[in-house]
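As a basis for the values below, the full set of heavy atoms in this structure was taken, side chains included, without hydrogen atoms, waters or symmetry mates. Proteins come first, then strands; the chains are lettered A, B, ... in the order of their sequence lines, and each starts at number 1.
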Amino acid sequence: MSTVAIPSSLRVHCEHHEFIEVEGGSVHAVLAAVDARFPGFRAALGDSFAVAIDGEVFQDALYEPVAPESEVHFLPALAGGI
Amino acid sequence: MAKLHVETSVNGEPTEFLCEPHTTLLDALRNDIGLTGTKEGCATGDCGACSVTLNGRLVCSCLVLAAEVSGQEVGTVEGVADAETLHPVQQKLLEHAGLQCGICTPGVVVAAKALLERDPNPSERDVRFWLAGNLCRCTGYDKIIRAVLDAATEMRA
Amino acid sequence: MQAGFEQPRTIEEATALLQKHGDAARPFAGGTDLLVQMRGGMRSPDILVDLKRIPELGQLEIGSDEIVIGAACSTASLRENAELVRLLPGLLEAAELIGSEQIQGRSSIGGNLCNASPAADSVPALVANSAVCSVAGPDGRRDVPAAEFSTGPGSTVLGSGELLVSLRVPRPAPDAGDAYLRFIPRSEMDIAVVGVGVALTLDADGTCTAARVALGAVGPTVIDATTAATALLGGPIDTAALERVSEAAREAARPIDDKRGTAAYRKHVAGVLTRRTVEIAARRAAEGN
Amino acid sequence: MSEDRKFRWVGTRPIRHDGIDKVTGRAQFGADLSLPGMIWGKLLRSPHAHARIVSIDTSAAEAIDGVLAVVTATDLPDDDPKVADLARNILAREKVLYHGHAIAAVAATSAALAERALDAITVEYEVLKPVLSLEAALASGAPILDEARRPKDMEDTGPTNIAARCEFSRGEPESAFAQADVVLERSYETQMVHQGYIEPHACVVQTKEDGLIEIWCCTQGGFAVRSLTASVLGIDTSRVKVTPSEIGGGFGGKTTVYLEPVAALLSRKSGRPVKMVMTREEVFRASGPAGGAKIDLKVGATRDGRIVAGTARMWMEAGGFPGSPVQAGAMCIFSPYDFDHLFIEGFDVVLNKPKVAAYRAPGAPQVTFAIESLMDELANELEIDPIDLRLANAAKEGTQLPYGPRFKAVGMIETLEAARAHPHYAAPLGKNQGRGMAVGFWFNNGMNSSADVHLTEDGTAVVVTGNPDIGGSRASMAIMCAEELGIDVEKVRPVVADTETAGYTDVTGGSRVTFATGWAVIEASRKIASELCIRAAKIWDCDVEQVGFSEGHCLPVEGSGLDHAPLSVADIAKQMARTGGPINGQAQLNARGAGPAFATHLCDVEVDPETGKVDVVRYTAIQDVGRAIHPSYVEGQIQGGAAQGIGWALNEEYVFDEAGRLENPGFLDYRMPVASDLPMIDAVIVEVPNPTHPYGVRGVGETPIVPPLAAVANAVMAATGVRMQSLPISPPRLLERLLGAGDV
């Protein structure tokens with residue numbers, strides 16, 4: 001099971017959980033698993049977001065692999081950053 | 001409207017062009033003579049990117065009318081290097097990484113050369129005040145000042 | 001009207017051109033103000049009259065009674081005259097503050113005066129040194145004190161066809177000293193928030209026998225602060241005198257709020273700067289004794 | 001993984017490859033290209049800060065002899081919601097939202113004629129009350145810029161100028177404050193500032209008969225210009241080709257488009273190449289500055305200097321359209337410190353000022369001014385040395401960030417230790433002088449990069465990338481290629497290519513070029529090295545496993561039993577054709593693991609107590625750069641960022657009048673630092689390698705602008721006893737505080 005950290009602004013969609021455990025071999029699969037448990041999470045996260053897998057931040061990384069022991073953080077996309 | 005015919009010397013070469021009475025030397029250099037090394041950063045004399053010499057004196061070409069240079073001597077950045085040899089100011093700017101984006105560099109080259117021709121041994125303060133009219137937003141000036149001081153040392157040697 | 005560019009060779013040619021074209025013509029020397037105003041759409045003269053080819057406007061003469069500075073002399077060229085710098089250090093300090101080295105190559109004291117900005121750097125120094133402006137027009141010459149040359153922001157006493165030929169400054173006595181300071185937020189490349197020109201004379205005892213204090217950028221024109229000057233007369237330039245002159249300058253200042261500073265700030269700094277300028281001028285005067 | 005290796009070129013200071021062109025005036029910048037038949041485009045801009053557009057009549061302008069095209073927003077499609085705001089910023093549609101907002105454009109046979117033609121366009125406005133401050137934007141009954149806007153993640157309370165809200169939280173800060181011995185609660189404010197690049201935006205655009213659009217422009221990203229222009233025009237990306245010119249500074253401000261789609265429209269209508277160049281006034285009024293901010297901050301600490309909790313609420317100006325970097329600011333504000341209980345809330349606020357764009361570490365300087373000012377006050381309050389206070393709370397490997405993930409190796413502690421050891425920290429101070437310090441943090445970015453390396457037949461290498469070289473990146477790319485191939489750095493020719501030549505590459509920005517594009521160059525060069533081994537194996541008639549590559553030579557590996565003299569890159573390059581053909585290496589990546597960068601800055605100021613004027617008399621900037629590829633350009637980034645931050649702290653600000661007209665749209669009154677305003681800036685490089693990058697590179701360019709605002713303010717406090725919580729610390733503002741309210 002991978003651990004998913006829910007951003008504070010999205011916890012309202014996840015019964016106020018800070019962390020949840022899901023199965024999933026990729027960011028895409030993890031997202032689908034969270035959305036299956038808490039319908040509406042995916043929509044609330046929106047199209048542009050970044051993700052941190054074990055501390056490494058990725059932009060645009062829907063298909064990045066996620067190991068079973070990994071911790072995944074969904075982050076609002078970094079606006080600017082230039 | 002009849003244009004004015006101007007005969008002048010640019011970097012020691014006889015040069016002729018046509019201009020309107022309101023045309024600036026900067027626009028004439030860039031658009032009519034094709035010397036785009038002289039840059040426009042503000043067109044109001046505040047940034048120094050358009051620095052050239054007029055009869056040996058440092059000026060902002062954005063504040064000179066093209067018609068005025070008739071019979072005068074204009075010096076631009078294109079005339080600073082001697083065929084295959086860079087001027088010490090140019091060489092030292094490269095060695096000290098005294099440029100990042102490079103847009104202010106032509107103005108800095110022309111202004112620093114004019115300084116060293118007047119004062120071969122300027123202090124850091126002298127260089128800073130002389131170049132106060134040459135805005136640079138990339139370098140924080142540090143490496144430009146070092147380059148000019150080093151060029152002065154080399155030219156004195 | 002057809003746009004034109006003229007380079008008259010004599011004063012007569014210039015005045016005739018200016019009279020003929022009226023407001024459509026604009027004379028210039030360095031063009032450092034005019035071209036910026038044209039760029040900003042504030043002026044769009046049809047006929048540009050370049051005065052630099054008139055010999056008299058480029059003269060520089062240091063006489064035994066009087067120093068004559070041609071209206072179109074570049075400030076850079078003035079600074080290269082060591083005798084002038086020695087005689088009028090304050091005026092040259094003011095001239096040197098008109099813009100960058102690039103501007104110095106073109107700017108002139110005459111142009112600075114004719115542009116009639118309340119913040120012009122050289123004007124307080126000219127007024128403090130009791131300069132007189134030689135004006136030529138279709139009807140001949142006339143003299144105007146520098147203190148009266150500007151009549152408001154951007155306007156001068158020059159009438160139709162008239163032009164400024166030169167500035168005449170009485171040659172300072174050995175026991176006189178002048179100075180100019182301005183306040184700007186940066187170290188260079190700014191318009192004066194306050195400018196102060198001072199000229200004064202000290203006798204052998206250190207008593208101030210003559211003084212003139214002029215304030216820039218704190219009124220519609222440069223202020224000839226006679227009360228401030230009076231505060232210096234008849235005694236030494238000591239702490240009390242400095243306090244008096246500072247207070248008088250603050251009183252005399254009539255600034256406005258604008259993007260370059262608030263009125264209150266300008267008034268305060270006028271006092272501070274006046275004190276500092278007087279100190280420098282007094283030191284110079286004392287050195288001459 | 002970052003490798004522990006001995007470098008030959010990395011860390012050296014070769015002369016940049018584009019240097020001669022830049023010191024001789026030969027380099028071609030945005031406004032330097034002219035094409036046969038080219039005409040000039042100019043924009044008509046709104047004289048009002050907030051108005052409804054009732055009608056636009058361009059017929060008189062069109063009738064002028066020599067005017068070849070006139071366009072307005074109706075010439076742009078309006079069906080892509082993703083670029084709706086961008087399109088409206090380029091050419092106003094329903095409303096104008098700031099003074100200088102473009103509303104129509106003209107192309108004519110001369111620039112002067114185009115300008116005259118603008119006067120012939122008649123626009124009828126219904127002038128509305130402008131919203132010019134965060135306070136005014138948030139006030140009840142404030143004029144609303146967009147009635148239809150409803151922010152996500154907020155209760156719907158009707159029309160608002162808040163465009164977005166973000167939140168980060170951990171633990172229970174409010175109850176944790178009870179554990180604190182000292183709780184400081186302060187408000188901070190900064191004003192709108194501009195990047196101040198010296199080169200105005202410029203482009204030349206040619207639309208061909210087949211609809212292909214060719215753009216030459218100064219930009220931080222050719223591919224960004226391509227996609228944004230195509231989207232705004234509603235055409236396929238492949239119909240746009242962008243050739244980036246040399247670029248005269250950007251600092252984030254040249255990552256979007258203003259002129260290019262308009263010039264494309266004008267070119268399409270006129271059939272001519274169109275040049276558009278902004279004036280300096282247009283750059284200030286209508287490009288993308290950085291917004292002002294208001295930050296309410298509360299931090300609690302124990303007597304021994306441990307932070308126990310912090311809360312922050314912040315509002316940032318977005319300009320006329322949504323999109324301030326408030327979220328980045330919210331993510332930055334507590335990142336340098338390790339504590340458990342926090343709450344951060346940020347609001348993106350629209351108002352009648354130009355639409356902001358990125359500016360170097362967007363959002364971070366504003367919030368860092370707040371937190372680092374407060375930390376200074378906390379240090380004074382607790383009588384703890386300010387470096388010790390920061391060390392006691394410093395983020396390090398494993399520290400959990402306010403937005404979730406944990407830091408890998410970062411160098412905050414190392415920069416603090418270096419600051420304490422620096423002679424500057426203990427140097428005596430003169431009269432009216434004071435010393436301040438501050439730290440700064442920025443995430444850095446990875447994103448997409450491609451690189452092509454082509455070996456020439458004499459063994460030199462051409463490196464093709466798509467990142468405009470804004471500050472010496474050609475030299476960095478060449479160094480990394482030379483390092484991998486073991487050839488002289490002068491034997492590498494780095495090239496910045498157009499969007500049809502280079503592989504897709506994101507913008508030059510985000511402190512990402514040396515990190516991400518450099519990584520692609522390393523990978524592409526390694527592919528060449530592998531191919532060289534294959535060729536050597538052919539020449540030696542052996543297995544490729546028997547061939548190794550080291551220091552620019554293929555050589556038999558130990559124990560292979562082969563006895564051949566090493567073959568140099570040039571030796572093999574000479575035989576390319578007979579060993580299999582050209583040798584090219586290509587690599588691309590969406591780079592992950594951009595290592596965050598920390599800096600510690602020390603600043604000494606001298607204050608004139610009678611005028612409030614502040615002079616920076618000594619400045620030291622210490623930064624963890626991971627690995628300095630070309631130390632001179634690393635130092636240059638640090639010095640330049642520090643200088644910009646000093647300007648932001650002291651004198652730079654947008655000044656608007658009551659009607660929303662910008663009063664200082666020029667260098668004279670915008671007051672960026674000039675050469676005589678600054679001391680030498682001592683840039684100290686600390687190298688804590690980024691574990692993700694092959695060489696350990698971290699981005700460098702953004703962090704240096706983060707600490708100076710607070711470092712200067714803290715130094716002013718030390719010199720005067722006055723704490724400035726509002727920037728800029730311009731002489732009138734400081735004097736007012738020095739003299740106490742009332743006197744001034």
Side-chain angles (χ1 to χ4, degrees), chain B residues 20 22-23 27 30-31 34-47 49 76-78 80-81 86-87 89-91 93-109 124-125 127-146, chain D residues 13 15-16 18-29 31-34 111-112 195-200 246-251 277 279-280 469-472 619 630 632-633 635-644 646 666-668 672-683:
Chain B
E20 309 278 345
H22 294 172
T23 304
D27 283 342
R30 291 178 53 81
N31 300 334
L35 293 177
T36 57
T38 306
K39 305 300 180 190
E40 176 177 317
C42 67
T44 51
D46 298 311
C47 77
T76 73
V77 67
E78 286 91 346
V80 172
L86 293 177
H87 186 277
V89 166
Q90 295 171 312
Q91 184 61 32
L93 280 168
L94 292 182
E95 289 172 13
H96 287 266
L99 58 145
Q100 283 175 32
C101 80
I103 193 83
C104 73
T105 311
V108 169
V109 166
E124 180 195 332
R125 186 186 150 84
V127 178
R128 286 190 180 275
F129 275 88
W130 183 273
L131 291 181
N134 290 85
L135 281 180
C136 168
R137 191 62 157 172
C138 293
T139 63
Y141 303 104
D142 187 297
K143 292 182 187 302
I144 294 177
I145 306 298
R146 290 177 199 278
Chain D
R13 303 173 187 242
I15 285 177
R16 61 193 286 168
D18 54 334
I20 287 182
D21 281 354
K22 286 185 176 159
V23 297
T24 55
R26 222 176 266 128
Q28 291 245 300
F29 288 82
D32 293 344
L33 182 73
S34 289
Q195 297 86 349
Y197 36 82
I198 308 300
E199 180 199 32
E246 295 304 323
I247 174 172
F251 315 111
V277 182
T279 63
R280 176 54 49 185
D469 180 353
I470 208 162
Y619 204 95
H630 191 307
S632 292
Y633 288 103
E635 291 160 2
Q637 287 292 325
I638 293 172
Q639 290 161 335
Q644 290 181 340
I646 291 168
F667 286 137
L668 181 64
M672 300 181 342
V674 301
S676 50
D677 289 334
L678 294 172
M680 291 297 187
I681 295 170
D682 188 4

Chain D contacts, top residue of [options] (heavy-atom pairs, under 4.5 Å):
options	result
B:H87, B:E78, B:K39, B:H22	B:K39
B:C136, B:A97, B:G37	B:A97
B:G34, B:A81, B:C47, B:A132	B:A132

Side chain to side chain, D:I15 and B:Q91, heavy atoms closer than 4.5 Å: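 SC-SC contact between D:I15 and B:Q91 confirmed.
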Note, D:V674 side chain near B:R128 side chain (heavy atom, < 4.5 Å):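 A side-chain contact is absent here, since even the closest heavy-atom pair is not under 4.5 Å.
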Contact part of [X] toward chain D, heavy-atom cut-off under 4.5 Å: side chain, backbone, both or neither?
X	value
B:V80	neither
B:L99	both
B:L135	both
B:T139	backbone
B:A43	neither
B:D27	neither

Does any backbone or side-chain atom of [X] lie under 4.5 Å from a heavy atom of chain B? Answer side chain, backbone, both or neither.
X	value
D:T24	both
D:Q195	backbone
D:E199	both
D:L678	both
D:A31	both
D:R26	neither
D:I20	both

Working to the nearest 0.5 Å, report the span between [atom1] of [X] and [atom2] of [Y].
X	Y	atom1	atom2	result
B:C104	D:K22	SG	NZ	11.5 Å
D:L668	B:C42	CG	SG	9.5 Å
B:L94	D:S632	CG	OG	11.5 Å
B:E40	D:F29	CD	CZ	14.5 Å
D:D21	B:T105	CG	OG1	12.0 Å
D:F251	B:C138	CZ	SG	3.5 Å

So does [Y] get a backbone contact from the side chain of [X], meaning a donor-acceptor N/O pair under 3.5 Å?
X	Y	value
B:Q90	D:V23	yes
D:R16	B:Q100	yes
B:Y141	D:P673	yes

Using a 4.5 angstrom heavy-atom cutoff, name the option from D:E246, D:Q637, D:H630, D:Q28 with the most pairs to chain B.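 Heavy-atom pairs under 4.5 Å are most numerous for D:Q637.
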Hey, which of D:A643, D:G248, D:G249 has the most heavy atom pairs under 4.5 Å with chain B?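 Among the listed options, the one with the most contacts to chain B is D:G248.
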Identify the two heavy atoms, one from B:I145 and one from D:A675, that lie closest to each other, and give their separation to 0.1 Å.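 Closest approach of B:I145 to D:A675, heavy atoms only: CD1-CB, 4.4 Å.
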Which pairs with one or both residues in residues 129-138 of chain B pass salt bridge (charged side-chain N to carboxylate O under 4.0 Å, His left out), sequence neighbours excluded?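 The answer is B:R137-D:E652.
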Suppose we screen for salt bridge (charged side-chain N to carboxylate O under 4.0 Å, His left out). Which residues come up paired with D:D682, at least two apart in sequence or across chains?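 If we apply the salt bridge (charged side-chain N to carboxylate O under 4.0 Å, His left out) test to D:D682, skipping adjacent residues, there are no hits.
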